[in-house]
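Note that the structure is predicted; figures quoted are calculated from it, not measured.
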Amino acid sequence: GEQTASLNSSLLLGLFIGGDNAGADTVEFDNVQFCWGGASPPPTPTPVPGSGEADLRLLKGDAPDPVSVGGTLVYNLTVVNNGPNVATDVQVVDTLPAGVTYQSATLRQGTCSESGGKVTCDLGTLNVGPANSVDIDIEVSVDAGTSGTIVNQASVSSSTTDPNASNNTASASTLVATVDCTALGLD
């Protein structure tokens, strides 16, 4: 039969239960339909800082690639909170590869510091969605004697539980050219 329950004065939830389950101790639902009455959909819950889970994602790139010895290399990191809640105490740690020297870090939210080849960026609270993402540009110079491919690795963490740790790390491989790329118009 039809069962309805009034949740509040503007919302009525109706359930149609199909199947022949009269008198049963348990009910198996063959067909469940939810009917929404009202002019607008239900409100989206407001995330509460520090509660629940927040899926942080870290993206990373580098430019230029290849780079010349003595040249400037920029690592670009983007931190996105895929939700569903606000992430608190967000921190990015970027481990610089051997053969580079830290110059600076630029970001619109938070602060970065470098010590012993590790750049630590404290971003604070990160709201949900791509519009709230934080870009970090870390500028390094390539030391004399560096050659081959150098690999930069970074990770993001938060005091908020992250249900998907697989997207919390990122790396960028950069070829260090032994010829002057600038003279060739490649740098």
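A donor atom on one side chain and an acceptor atom on the other are found under 3.5 Å apart for Asp55 and Asn167. Looking only at atom types and distance, the side chain of Thr88 has a donor-acceptor partner in the side chain of Ser159 under 3.5 Å away. No side-chain donor-acceptor contact under 3.5 Å links Asp137 and Thr106. Side-chain atoms of Thr78 and Asp135 form a donor-acceptor pair, as typed in the model, at a separation below 3.5 Å. Residues Ser141 and Gln103 bring a donor and an acceptor atom of their side chains to less than 3.5 Å of each other. With no hydrogens or angles considered, a side-chain donor-acceptor pair links Lys60 and Asn152 at under 3.5 Å.
When atom types are taken as modelled, the side chain of Asp62 and the backbone of Ala172 share no donor-acceptor pair closer than 3.5 angstrom. No donor-acceptor distance shorter than 3.5 angstrom exists from the side chain of Gln109 to the backbone of Ser133, with no hydrogens or angles considered. No donor-acceptor pair under 3.5 Å is formed between the side chain of Ser158 and the backbone N or O of Val90.
Side chains of Asn168 and Asp162 form a contact here, defined as non-hydrogen atoms less than 4.5 Å apart. The shortest side-chain heavy-atom distance between Cys121 and Ile136 falls under the 4.5 Å cut-off. Using a 4.5 Å heavy-atom cutoff, the side chains of Gln91 and Asp89 are not in contact. With a 4.5 Å cut-off on side-chain heavy atoms, Leu96 and Asp94 count as touching.
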Could you give me the CA-CA distance, side-chain angles and deciding distance for Glu139 and Thr72, then say whether side-chain contact (heavy atoms from CB on, under 4.5 Å) is met? CA-CA 7 Å; Glu139 185 176 305; Thr72 298; 3.3 Å; yes
Evaluate side-chain contact (heavy atoms from CB on, under 4.5 Å) for Asn81 paired with Val79, printing each intermediate quantity in order. CA-CA 7 Å; Asn81 180 355; Val79 182; over 6 Å; no
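Atom CD in Gln153 sits 7.0 Å away from atom OG1 in Thr95 (nearest 0.5 Å). A distance of 10.0 Å separates CG of Leu56 from CG of Asn164, quoted to the nearest 0.5 Å.
The shortest non-hydrogen separation linking Leu73 to Ala63 is CD1-O, 3.5 Å. Between Ala170 and Leu59, the shortest heavy-atom contact is CB-C, 4.3 Å. In this structure, Asn127 and Val86 approach most closely via the heavy-atom pair OD1-CG2, 3.5 Å. Nearest heavy-atom pair across Cys112 and Val119 is CB-CG1, 4.3 Å. Here the shortest heavy-atom pairing between Thr149 and Ser173 reads CG2-CB, 3.8 Å. Taking both residues in full, the closest heavy atoms of Leu77 and Ala154 are given as CD2-CB, 3.5 Å, listed atom of the first, atom of the second, then distance.
In the hydrophobic cluster analysis, where Ile, Leu, Val, Met, Phe, Trp and Tyr join through side-chain heavy atoms closer than 4.5 angstrom, Leu107 is grouped apart from Val74. Note on Val100: it clusters hydrophobically with Val69, by side-chain heavy-atom contacts below 4.5 Å among ILVMFWY residues. Val134 and Val80 end up in different hydrophobic clusters when Ile, Leu, Val, Met, Phe, Trp and Tyr side chains are linked at under 4.5 Å. Leu175 and Tyr75 are not part of a single hydrophobic cluster, where members link through side-chain heavy atoms under 4.5 Å apart.
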